[in-house]
Amino acid sequence: MIKGMMGGPADLDAAITTYVEKYKLKTVVKDNFLDELEKVKSGIKNHLLGWIDKSGYPILTLNRDYRDLAGATDINFTQSRFLVPVGNQTRAPVSASDWHIQLTLTDGTANRPVTMETANRNCWLTTSSGKLGDYCNNTEINYPRERGSSPQADNYIVANLQQYGFFRVNYDLTNWARIIAALPLSVAHPTILEDAATRGQLIDDSFTFARAGILKYEVPLKLIHNVWPSEDNYGALASANYHIGYIERILRGTLHYQAFSDYMKNSAGQVPYNDDRWSVDWKDSPLNTIPAADPSEASYNTVLLNNLIIDTACFYEAGSCATVAWNKFKAWQDNNNTFQPDLRPLGQHIIQTQPLVMCYGVRHGPNTVANWEYLNGLYDDTTLTPANKLAILRAMACTKHEELLQRLLVMATDRNRVRSQDVSTVFSYVARFHAGSTMAWDFLRSEWTKLSGRANIVSTMGAYLKNDRDVRQLRQLQQTAGGKDIPEGPTFERTILQVEANIEWLRQHGKEIADVLATLQPNAASPALEVPTNV
């Protein structure tokens with residue numbers, strides 16, 4: 001962000017170089033650094049002070065004027081500190097503030113990708129509200145106007161290009177609707193949405209606003225529904241997967257979970273999954289097509305993308321993923337713990353896809369007990385690295401067999417087998433799947449004194465708890481363990497607030513999400529976003 005404020009890397013590098021040379025081996029304060037920046041870029045110190053002195057970061061809301069009247073073409077803005085609901089709050093309070101925001105803006109009518117490098121960066125918003133026209137003239141930053149008597153579907157705006165600034169951006173519903181309608185991408189009409197960072201930003205911002213009660217979940221769900229079929233970027237998919245993971249954890253065990261699970265199973269099939277994404281060596285992946293300046297970086301981005309798609313498909317049992325996982329697991333066993341054709345032993349190096357093979361091979365294959373026992377014996381191999389052992393623990397936690405999950409949790413209390421720093425990780429692995437989260441929570445309460453890393457376990461389990469009984473059990477466990485003065489006391493208090501927030505989220509959004517998903521069909525664009533007619 002500072003690089004953009006300075007006008008590019010050259011000026012920033014020059015200021016940093018001078019600063020380091022001038023103050024090396026000396027005690028400094030923030031003004032020393034800001035003064036050196038100011039010498040290179042006049043006014044930068046005043047712009048940065050608010051970002052340094054204020055806590056948190058802002059949300060910038062842009063509301064366009066869509067009236068087809070002369071002069072009614074401006075965009076209203078407001079900025080405030082971004083906050084999320086705490087405990088049982090239905091919505092976080094609004095806290096107006098005035099960071100100095102350097103705004104970049106483009107629109108869907110431009111037949112070209114627009115980046116920070118090609119955008120003008122001379123527009124500064126320095127108050128908590130106002131009109132862009134008062135801060136940005138047309139030569140500094142362009143924004144689209146409605147033309148004629150009917151609206152243009154591609155006439156949408158996107159701000160904070162590539163998420164260069166440390167703030168989030170919300171739009172009016174009409175603008176969100178037009179962004180959603182512009183996806184999936186069209187090769188014949190490239191726009192800012194061709195930029196993967198921008199797609200990830202839109203996904204992350206819209207889901208975050210929905211969770212905070214600022215937007216309806218209709219917006220992010222319809223957005224990712226249109227993105228999924230053609231998305232080939234790890235960052236954008238990872239952003240969607242992170243937020244979908246929260247929804248999955250809170251909806252599981254509720255009346256709305258089946259509708260969600262069915263949708264995800266179908267949607268995971270829409271993501272370009274195929275068997276070629278399972279690769280022995282990520283550098284040799286046939287789908288290694290992501291461009292990058294460094295070929296090795298492209299290769300690693302590819303394996304991250306492939307693994308994310310595989311993990312999602314196998315988790316929701318979509319397509320042939322489960323069958324392929326079992327076949328590869330069996331081949332791995334038959335080849336004495338090695339992968340063909342590179343024949344690398346497990347203890348020597350775990351390639352990126354192998355943990356997925358072990359996990360979903362155990363989960364979806366026949367002979368569940370025998371396969372789990374095979375890994376259990378392999379875990380005691382003294383030649384394995386800690387990373388190898390963690391991969392095996394993760395795979396053992398993938399089983400659907402409840403007695404085996406119970407044995408794994410008991411195993412976590414044995415300091416001679418599982419390192420103390422790995423105990424909380426075992427709980428997170430077990431809780432990842434439906435039945436495991438309930439078992440892990442019950443085990444934590446019954447075996448509290450035998451466990452290490454208990455604060456981390458309490459925090460981990462808080463992500464899966466979402467009813468009043470869970471809150472009562474948390475408070476009972478805290479009292480049994482010694483009350484608020486125990487070392488884990490602050491963690492208990494934070495976790496209770498988290499669970500109360502989960503309860504409120506489920507109350508507000510559970511049915512809402514199920515209703516939206518019912519309108520989305522595989523292999524079809526999402527229905528138009530419902531927009532009030534008075535905007």
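This structure is a prediction, so every number in the text was calculated from the model and none was measured.
With a 6.0 Å radius and a threshold of 12 heavy atoms from other residues, nucleotides or ligands, Tyr57 has its OH atom above the threshold. At most 12 heavy atoms of other shown residues, nucleotides or ligands fall within 6.0 angstrom of atom NZ in Lys511. Counted within 6.0 Å of OH on Tyr246, heavy atoms from surrounding residues, nucleotides or ligands total more than 12; the atom is thus considered enclosed. The number of heavy atoms from other shown groups lying within 6.0 Å of CD1 (Ile52) is above 12.
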Determine, stepwise, if the pair Arg64 / Tyr171 fulfils side-chain contact (heavy atoms from CB on, under 4.5 Å). CA-CA 8 Å; Arg64 299 173 62 190; Tyr171 309 95; over 6 Å; no

Could you go through the side-chain hydrogen bond (donor to acceptor under 3.5 Å, both in side chains) check for Thr312 and Asn241 one step at a time? CA-CA 8 Å; Thr312 303; Asn241 208 55; 3.3 Å; yes

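Gln163 places no side-chain N or O within 3.5 Å of a backbone atom of Thr198 that could act as its donor or acceptor partner. Of the possible polar contacts, none joining the Asn170 side chain to the Thr61 backbone as a donor-acceptor pair under 3.5 Å is found. Although no hydrogens or angles enter the test, the distance criterion places a donor-acceptor pair under 3.5 Å between the side chain of Thr104 and the main chain of Leu161. Formation of a donor-acceptor pair under 3.5 Å by the Asn266 side chain with backbone atoms of Asp262 is found in this model. Side-chain N or O atoms of Arg252 include one that pairs as donor or acceptor with a backbone N or O of Phe433 at under 3.5 Å.
Residues His243 and Tyr217 have side chains that never bring a donor and an acceptor to within less than 3.5 angstrom of each other. No hydrogens or angles considered: nothing links the side chains of Asn32 and Glu36 as a donor-acceptor pair under 3.5 Å. Of the N and O atoms on the side chains of Thr174 and Tyr156, not one donor lies less than 3.5 Å from an acceptor on the other residue. Tyr257 and Glu248 are linked by a side-chain donor-acceptor pair at a separation below 3.5 angstrom, with hydrogens and angles left out of the test. Side-chain polar atoms of Thr491 and Arg494 form a donor-acceptor pair below 3.5 angstrom.
Residues Asp98 and Arg81 are not paired through a salt bridge, judged by the lack of any N-O separation under 4.0 Å between the basic side chain and the carboxylate. For the pair Glu38 and Lys41, the salt-bridge criterion is not met [side-chain N within less than 4.0 Å of a carboxylate O]. For the pair Lys45 and Asp53, the salt-bridge criterion is not met [side-chain N within less than 4.0 Å of a carboxylate O]. A salt bridge links Asp204 to Arg168: at least one charged side-chain nitrogen sits closer than 4.0 Å to a carboxylate oxygen. Checked for salt-bridge contact, Asp35 and Lys39 miss the test: no charged N lies under 4.0 Å from a carboxylate O. Ion pairing between a basic and an acidic side chain is recognised when a charged N comes within 4.0 Å of a carboxylate O; Glu231 and Arg199 show such pairing.
Taking OH of Tyr164 as the reference point, atom NZ of Lys3 lies at 3.5 Å (rounded to 0.5 Å). Separating the CH2 atom in Trp228 from the CG atom in Leu223 is a distance of 10.5 Å, to the nearest 0.5 Å. Ser261 contributes atom OG, which lies 7.0 Å from atom OH of Tyr316 (distance to the nearest 0.5 angstrom). Separation of atoms CD1 (Ile101) and CG (Leu125) is listed at 6.0 Å; rounding is to 0.5 Å.
Using bins of under 30°, 30° to 60° and over 60° for the plane-to-plane angle, the ring pair Tyr19/Phe33 lands in the perpendicular bin.
The minimum heavy-atom distance between Phe209 and Val169, with the atom names listed, is CE1-O, 3.1 Å.
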